[in-house]
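Worksheet: the structure to be examined is printed underneath.
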Number of protein chains: 2
Amino acid sequence: MQSKSRPSGQKSRSFIETARRAQIIASAIEVIAGHGFAKASLARIAEHAGISKGVISYHFAGKDKLMEEVVTQVYSEIVEAVSPMMMAQKSATALLRTQILGVAQHMRGHRTQLKALGEIFIHLRRPDGTPRYGITTSEELFQVLEHIYRLGQRNGEFRPFDIRVMAITHQAALDNMFAYWSAFPEHDLEAHARELADIFEHATRAEETPS
Amino acid sequence: MQSKSRPSGQKSRSFIETARRAQIIASAIEVIAGHGFAKASLARIAEHAGISKGVISYHFAGKDKLMEEVVTQVYSEIVEAVSPMMMAQKSATALLRTQILGVAQHMRGHRTQLKALGEIFIHLRRPDGTPRYGITTSEELFQVLEHIYRLGQRNGEFRPFDIRVMAITHQAALDNMFAYWSAFPEHDLEAHARELADIFEHATRAEETPS
DNA sequence: CTAAATTCTGGCCGTGCAGTCAAAAAGTAG
DNA sequence: CTACTTTTTGACTGCACGGCCAGAATTTAG
């Protein structure tokens, strides 16, 4: 026999439930972005949404599940935005630049979401202490980067280097852009992204073959 | 009238107090590295040190002060270890490589300290939510990197690029090495560092001037 | 030795947290 | 209106935390 509360995970959701869930996720994003992950308690999120705390428990199995859905939503928005731009590129060099600039461009219109994403990336851990949602463990993004670098080396566009270290470094640079760009209030995100694209272009490109 | 407990900050410290403080700092490092920053409560640190919780309050003005001293100690150990190697270098290119390899070499013998440092860097915030000890406010290390890059550009060894973005990226790569290299057990730290040095050498070096 | 200063103990307090629940309210259908 | 389901409320539980402190233990000074 099922517990009375909490709609099951599989059944189709009523309109009102879908709306509530979206509202709660939106509030979570705003609270995390505004007050930091540590201060984003269920009570605060509920207050920001103008509902009582129990409602969150009613609609989400727990705080972790809520955060998971926040990440999933924001992350899929990024992929959705950047993937089409990348499809159009032919060379690995262009792919590399498009990936970095695409992420930055999407961020520009979604500061709040991405601030929250960075907060969650940095703070949420598994019980064993390893990062839970950080991109270093997100195979999806890692595979995209590996693909770019592998392609570049196959084409001879890129010099030989350790693909894993390069991809990790690339991810770290993006993470850093996520996590800390708001700490430089005078800093221009797109300029940062362009510089980053330059840095990785220089870091990867094949040596000049003299004649 | 002074509070009865807590030796003042300025007086010279007795042997026993110095020893206790060192013991507490060491325990804090081990607990943070082992369980993560979030789980490093005063109670856990005290238990690990085999003393009662009150002792920590007696010797340190508060948890933040304790963390501050942990950071100061570990950080100064790194600088102490790497600075002499850097002194011996003449070119910016050599400085760059020495900085990365020196940090990695020091890390090799101080895994616990550096895991703890990374944890604190990532998690400790000011009340307003901005990072407290991260690279964005740690001017010391940032200035070292800025110095290297500025020197390289002045010498014409390095191409023109945004020094701040390059330094941030450099720092992110090091942070990443701090934070995650243990997640790849098969991975050789020194090989990672050599690759990293290569990456930044390629990223920074001046374009070939064809005679 | 005694007296005073230093150091330590262990329990207590208030706070904030995630999650629970009985009951109230709102919505829906006949 | 009535009977039923879905949704919401807000008080409550139990827990972990940082900080506090009266008094005990220990060390030092005279």
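Quantities reported herein were computed from a predicted structural model and do not represent experimental measurements. Lettering of chains follows the sequences in order, A, B, ..., and the numbering in each one begins at 1.
Under the 3.5 Å distance criterion, with hydrogens and angles disregarded, a donor-acceptor pair is assigned to the side chains of B:H48 and B:E30. For A:R20 and A:Q23, the side-chain atoms include at least one donor-acceptor pair closer than 3.5 Å.
Whole-Å rounding puts the B:L42 CG to C:dC12 P distance at 19 Å. When rounded to the nearest whole Å, the span between NE2 of B:H35 and P of D:dA16 equals 14 Å. Counting to the nearest Å, the C1' atom of D:dA22 and the OH atom of B:Y58 are 15 Å from each other. If you measure from atom CD1 of A:I45 to atom C1' of C:dG16, you get 14 Å, rounded to the nearest angstrom. Atoms CZ (A:F37) and P (C:dA18) sit 9 Å apart, rounded to a whole Å. We find that NZ of B:K65 is positioned 17 Å from P of D:dG18, with the value rounded to whole Å. With rounding to whole Å, A:I51 atom CD1 is found 7 Å from D:dT9 atom P.
Between B:S41 and D:dC17, a side-chain N or O to OP1/OP2 separation shorter than 4.0 Å is present. For B:R44, no side-chain nitrogen or oxygen approaches OP1 or OP2 of D:dA16 to under 4.0 Å. Within the structure, every side-chain polar atom (N or O) of A:R20 is placed at least 4.0 Å from both OP1 and OP2 of D:dT6.
Nearest nucleotide to the side chain of B:K63, out of C:dG19, D:dG18, D:dT9: D:dG18. Considering only side-chain atoms of A:S57, the nucleotide from C:dT20, C:dG10, D:dG18 that sits closest is C:dT20. Each of C:dG11, D:dT8, C:dT9 was ranked by its minimum atom distance to the side chain of A:V55; first place goes to D:dT8.
Side-chain atoms of B:K53 and base atoms of D:dG19 include a donor and an acceptor less than 3.5 Å apart.
Taking the ring-ring contact (aromatic ring centres under 6.0 Å, His included) definition, one finds that B:H202 meets it with nothing, sequence neighbours left out.
Under 4.0 Å is where a charged nitrogen must lie from a carboxylate oxygen, and between A:E47 and A:R44 no such pair does.
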